[in-house]
There are 2 protein chains.
Amino acid sequence: MHAIDGTDTRLLTALAKDPRRTVVALAQKLGLSRNTVQARMAQLERMSVFLSFERRINPAALGYPLMAFISVHVQQQKLQQVADELSGIPEVIEAYGLAGQADLLMRVVAVDAEDLFRINGKILGIDGVERTDTSLAMGELVPFRVEPLLARGPRTP
Amino acid sequence: MHAIDGTDTRLLTALAKDPRRTVVALAQKLGLSRNTVQARMAQLERMSVFLSFERRINPAALGYPLMAFISVHVQQQKLQQVADELSGIPEVIEAYGLAGQADLLMRVVAVDAEDLFRINGKILGIDGVERTDTSLAMGELVPFRVEPLLARGPRTP
DNA sequence: CGAAAAACTGAGCATATTGCCCAGTTTTAT
DNA sequence: ATAAAACTGGGCAATATGCTCAGTTTTTCG
């Protein structure tokens, strides 16, 4: 067994609903033996189903209430260098290489508008960065969720 | 105490590093009493420092290896309706209202390119959606992290 | 500055959980 | 049909948890 099956998705759904639930309680809820839940959890862990705990930490609560998406046009063949420089800026919380209009899209958090301006300046100062477009996030219109995907059951990859 | 302080950031850092650590082990590591760690954790929970567990679930492992960012131009005064429609599409895992070039930016996952095309068609079919721009994510250049923010210690909000 | 409130400490208790082992049964893969 | 994988439920020892408590320390506020 190395693809996610219906029992795994049910387990993930239950976990998502109540992340602090004990293995015993999960087993009860799912009608499985405790050992099975343990074994399945261990397997999900091994399969890298779980991303970092950091994703659960709200930057706003850390003092960074502003969020922005900054797309960047990068000089040819300098993408990796730019990425390395970006990773040195603490407020850059993630960055993706893109196939599309821009070369790179990052998510940035900031203390306030001034801070954002400063960060943007920093990004513009990176060798290889040609142009940036900044879009301030005004609010979550669809809050993050994977529950609808889980509810559909497993997909054959 | 209702702002995050240095002890909280240290606690979050330790948690981020080892999410399955017991309260007893965390207390030991941080040189605090068990009760204090428990009390602090409870407070962080109350303060909504922790976002949903779902954010830790990797859509790729669920059978959605493709990710794309789709920006959308929306007809005036239809933003909320569009958002409601988007939330009915399971593959739309989050969407932000923007101040910038586009009105809305969403993150979409898909099984394959065909699936992505289908989803895009669905989005274009929503009343109020004028235009979309799709950028396929080719890879994480800066993987998600808030550790550098935590390492800086608390920020006064 | 002093008093009060908040936060921290360490001890303790009863109960629950965990990691792991085991042998038997059921399900899946070949 | 057979073998391997997965599941089951039982069990054990060690540890953790939720919670209480009284004393101490730190922070807040007038």
Side-chain angles (χ1 to χ4, degrees), chain A residues 1-54 56-58 60-63 149-157, chain B residues 1-54 56-58 60-63 111 150-157:
Chain A
M1 183 190 82
H2 64 307
I4 298 247
D5 69 10
T7 301
D8 289 317
T9 54
R10 280 169 55 238
L11 175 53
L12 289 169
T13 302
L15 248 191
K17 200 169 210 174
D18 189 355
R20 298 182 61 218
R21 218 170 205 178
T22 62
V23 168
V24 172
L26 283 170
Q28 214 161 16
K29 172 150 179 96
L30 297 167
L32 298 168
S33 90
R34 177 167 72 96
N35 262 350
T36 299
V37 172
Q38 270 176 330
R40 290 234 172 193
M41 289 283 288
Q43 173 125 10
L44 291 178
E45 204 98 55
R46 278 197 306 274
M47 288 166 68
S48 301
V49 174
F50 300 120
L51 302 171
S52 72
F53 183 86
E54 281 175 76
R56 291 196 63 195
I57 298 171
N58 186 355
L62 301 184
L149 300 178
L150 291 171
R152 288 167 128 182
R155 214 95 320 220
T156 44
Chain B
M1 185 193 83
H2 63 306
I4 297 248
D5 69 10
T7 300
D8 290 316
T9 54
R10 279 169 57 239
L11 176 53
L12 289 169
T13 301
L15 247 192
K17 199 169 208 172
D18 190 354
R20 298 183 62 217
R21 217 170 208 178
T22 61
V23 168
V24 172
L26 283 171
Q28 214 162 15
K29 175 152 177 92
L30 297 167
L32 298 170
S33 89
R34 176 166 73 96
N35 263 348
T36 300
V37 173
Q38 272 176 330
R40 291 236 173 191
M41 291 284 289
Q43 173 124 13
L44 292 178
E45 204 98 58
R46 278 196 306 273
M47 287 165 68
S48 302
V49 174
F50 300 120
L51 303 170
S52 72
F53 184 87
E54 281 174 78
R56 291 196 63 196
I57 299 170
N58 185 357
L62 301 183
V111 174
L150 292 170
R152 288 167 129 184
R155 213 93 324 217
T156 43

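Proteins get letters first, then strands, A, B, ... in listed order; numbering begins at 1 in each.
One distance of note links CD1 of I57(B) with CZ of F50(A); it measures 7.0 Å at 0.5 Å rounding. Rounding to the nearest 0.5 Å places CE of M41(B) at 10.5 Å from CG of D8(B). From E54(A), atom CD reaches atom CZ of R56(B) across 10.5 Å, with rounding to the nearest 0.5 Å. The CD1 atom of I4(B) sits 5.5 Å away from atom CG of L62(A), with the distance rounded to the nearest 0.5 Å.
One finds a side-chain N or O of T36(A) lying less than 4.0 angstrom from the OP1 or OP2 phosphate oxygen of dT8(D).
Closest heavy-atom contact between L44(A) and L12(A): CD1-CD2, 3.9 Å.
With sequence neighbours left out, the side-chain hydrogen bond (donor to acceptor under 3.5 Å, both in side chains) criterion links S52(A) to no other residue. With sequence neighbours excluded, no residue satisfies side-chain hydrogen bond (donor to acceptor under 3.5 Å, both in side chains) with T7(B).
In this structure, CG of L11(B) is placed 14 Å from C1' of dC8(C), rounded to the nearest angstrom. Going from atom CG of L30(B) over to atom P of dA7(C) covers 18 Å, rounded to whole Å. Atom CD1 in I4(A) sits roughly 14 Å away from atom P in dA6(D) (whole-Å rounding). L44(B) places its CG atom 14 Å from the C1' atom of dA7(C), with the value rounded to the nearest Å. The interatomic distance linking M41(B) (CE) with dA7(C) (P) rounds to 17 Å, in whole Å. Rounded to an integer number of Å, the gap from Q28(B) CD to dT17(D) P is 12 Å.
Screening R155(A), R40(A), R10(A) against D5(A) for a salt bridge (Lys or Arg N to Asp or Glu O under 4.0 Å) leaves a single residue, R40(A).
Near DNA chain C, meaning a heavy atom under 4.0 Å from it, residues 14-27 of chain B has R20(B) in order of number.
Taking the screw axis at each terminus of the helix from dC1(C)-dG30(D) to dT30(C)-dA1(D) from five consecutive base pairs, the angle between the two is 70° to within rounding of 10 degrees.
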Please list every donor-acceptor pair under 3.5 Å in which a side-chain atom of residues 15-31 of chain B meets a protein atom from a residue at least two apart or in another chain.
residue : atom : partner : partner atom : Å
T22(B)  : OG1  : A25(B)  : N            : 3.1

*Report, as a single string ordered 5' to 3', how protein heavy atoms within less than 4.0 Å touch nucleotides 20-30 of chain C: B base, S sugar-phosphate only, - not at all.*
BBB--------

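The side chain of R40(B) lies closest to dA7(C), out of dA6(D), dT9(C), dA7(C).
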